[in-house]
Amino acid sequence: LQRYALASLFYATQGSQWKSNVSWLSEEDECLWYTTSDAGVLCDSQGRLTEMNLESNSLQGTLPMEIGLLADSLEILDLSGNNMTGSIPTSIEGMVVLKQIDLSVNKLFGIVPSELGSMSNLKRVVLSDNNLFS
């Protein structure tokens with residue numbers, strides 16, 4: 001499911017136009033797609049995606065509902081400094097292990113899902129420089 005979620009993100013945000021999309025959608029394990037010391041994807045020893053940092057990587061489009069398929073493993077999500085539009089999908093509420101989310105400096109709009117406030121593991125939320133309201 002995580003491969004599908006990542007592919008959905010790639011297509012929803014014009015992944016072929018990203019600054020860096022090394023190995024995305026390749027036959028390689030998705031844990032090896034665009035991985036550097038400070039950006040890309042990071043998996044744990046069991047191959048579960050735990051971090052996604054695609055900050056300032058020219059993502060354009062919407063955050064797909066399929067991001068919620070990473071609910072059981074994703075701890076850090078940083079998609080800041082891109083050109084993302086649309087609203088924050090409600091599937092984000094099921095991301096029970098999420099500790100940090102940074103969607104700042106995009107063009108997101110609409111209501112911030114109230115469920116973000118009740119996610120017990122979530123310690124850092126950065127949504128500034130968007131057109132969001134609660």
Side-chain angles (χ1 to χ4, degrees):
L1 285 177
Q2 73 182 16
R3 189 176 190 89
Y4 175 71
L6 291 173
S8 294
L9 177 70
F10 183 87
Y11 287 119
T13 60
Q14 300 181 28
S16 62
Q17 304 300 313
W18 293 355
K19 281 185 191 176
S20 182
N21 59 13
V22 177
S23 298
W24 276 74
L25 304 185
S26 71
E27 293 182 15
E28 278 190 275
D29 185 284
E30 60 270 17
C31 293
L32 301 174
W33 292 355
Y34 177 42
T35 302
T36 67
S37 61
D38 62 345
V41 297
L42 181 66
C43 295
D44 64 15
S45 60
Q46 289 137 9
R48 294 178 304 178
L49 185 75
T50 57
E51 295 183 31
M52 186 184 326
N53 180 349
L54 299 175
E55 174 187 1
S56 301
N57 199 36
S58 300
L59 280 70
Q60 297 182 48
T62 60
L63 186 58
M65 291 292 290
E66 290 84 359
I67 197 75
L69 295 173
L70 303 172
D72 294 335
S73 64
L74 193 64
E75 298 177 6
I76 299 172
L77 176 62
D78 187 346
L79 302 177
S80 63
N82 284 292
N83 205 11
M84 309 245 339
T85 58
S87 58
I88 299 172
T90 55
S91 62
I92 207 107
E93 70 188 56
M95 303 183 84
V96 294
V97 298
L98 194 64
K99 295 177 182 175
Q100 297 180 34
I101 184 169
D102 188 343
L103 301 175
S104 63
V105 194
N106 276 288
K107 295 179 180 174
L108 298 171
F109 57 84
I111 298 173
V112 175
S114 59
E115 294 80 10
L116 283 179
S118 61
M119 295 169 66
S120 60
N121 289 318
L122 194 57
K123 305 298 181 216
R124 183 172 182 261
V125 178
V126 185
L127 302 174
S128 57
D129 293 316
N130 283 291
N131 291 312
L132 296 166
F133 56 93
S134 55

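Predicted, not measured: the structure shown is a model, and the values here were computed from it. This chain uses plain numbering: 1 for the first residue, then up along the sequence.
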Q: Could you tell me whether the side chain of L74 reaches within less than 4.5 Å of the side chain of M95, counting heavy atoms only?
A: yes

Q: Identify the two heavy atoms, one from L108 and one from T85, that lie closest to each other, and give their separation to 0.1 Å.
A: CD2-O, 3.5 Å

Q.
With a sphere of 6.0 Å drawn around CG of N83, does it hold more than 12 non-hydrogen atoms of other residues, nucleotides or ligands?
A. yes

(Q) Please report the interatomic distance CZ(R48) to CD(E75), rounded to the nearest 0.5 Å. (A) 8.5 Å

Q) Linking I/L/V/M/F/W/Y whenever any side-chain heavy atoms sit under 4.5 Å apart, do L70 and Y11 land together? A) yes

Q) Short question: side chain of T50, backbone of L42 - any donor-acceptor pair under 3.5 Å? A) yes

**Q.** Any side-chain heavy-atom pair of L122 and L116 under 4.5 Å
**A.** yes

Q.
Rounded at 0.5 Å granularity, tell me how far CD1 in I101 sits from CD1 in I88.
A. 6.0 Å

Q: With the side chain counted from C-beta on, respond yes when L25 and L6 share a heavy-atom pair under 4.5 Å apart, and no when they do not.
A: no

Q) Taking atom CD1 of I67 and atom CG of L79, what is their separation to the nearest 0.5 Å? A) 6.5 Å

**Q.** Residue pairs passing the salt bridge (charged side-chain N to carboxylate O under 4.0 Å, His left out) test where at least one lies in residues 77-89, sequence neighbours excluded
**A.** none

Q. Between W18 and F10, what is the ring plane arrangement, given parallel below 30°, perpendicular above 60°, and tilted in between?
A. perpendicular

Q.
Whether the side chain of N57 engages the backbone of L59 through a donor-acceptor N/O pair (distance < 3.5 Å, no angle test) should be reported.
A. no

Q. Can you list every side-chain hydrogen bond (donor to acceptor under 3.5 Å, both in side chains) pair that touches residues 90-103, not counting sequence neighbours?
A. D102-S104

Q) Honestly curious: do I76 and M84 fall in one hydrophobic cluster under the side-chain, below-4.5 Å linking rule? A) no

(Q) Starting from Y34, can I reach L77 by hopping between I/L/V/M/F/W/Y residues whose side chains sit under 4.5 Å apart? (A) yes

Q. How long is the span from the OG atom in S16 to the CG atom in N21, to the nearest 0.5 Å?
A. 7.5 Å

Q) How about L32: does its CG atom have over 12 heavy atoms from other parts shown lying under 6.0 Å from it? A) yes

Q: Taking all non-hydrogen atoms of both residues into account, name the closest pair between M52 and L9 and its distance.
A: SD-CD2, 3.4 Å

Q: Examine L69 and L54 and state if one hydrophobic cluster contains both, with Ile, Leu, Val, Met, Phe, Trp and Tyr joined whenever side-chain heavy atoms are less than 4.5 Å apart.
A: no

Q | For C31 against V41, the heavy-atom pair lying closest together | A | O-CG2, 4.1 Å

Q: For L132 and L103, run side chain to side chain contact (heavy atoms under 4.5 Å, CB included): C-alpha distance rounded to whole Å, both residues' side-chain angles, the deciding distance at 0.1 Å, then the answer.
A: CA-CA 11 Å; L132 296 166; L103 301 175; over 6 Å; no

(Q) Looking at every non-hydrogen atom in both residues, tell me the closest pair between Q17 and S58 and how far apart they are. (A) O-CB, 4.0 Å

Q: Determine the minimum heavy-atom distance between N121 and V97, stating which atoms define it.
A: ND2-CA, 3.8 Å

Q: Look at the side-chain heavy atoms of Ile, Leu, Val, Met, Phe, Trp and Tyr, link any pair under 4.5 Å apart, and say whether L98 and V125 land in one connected group.
A: yes

Q. Considering all heavy atoms of both residues, which atom of K107 and which atom of N130 are nearest to each other, and what is their separation?
A. N-OD1, 3.3 Å

Q. Under 3.5 Å, side chain of Q2 to main-chain N/O of G47, donor-acceptor pair present?
A. yes

**Q.** Beyond-backbone contact of S80 with V126, side-chain heavy atoms, under 4.5 angstrom
**A.** no

Q.
Walk me through whether F133 and V112 qualify under side chain to side chain contact (heavy atoms under 4.5 Å, CB included).
A. CA-CA 6 Å; F133 56 93; V112 175; over 6 Å; no

Q. Do E30 and L49 have side chains that get closer than 4.5 Å, going by heavy atoms?
A. no

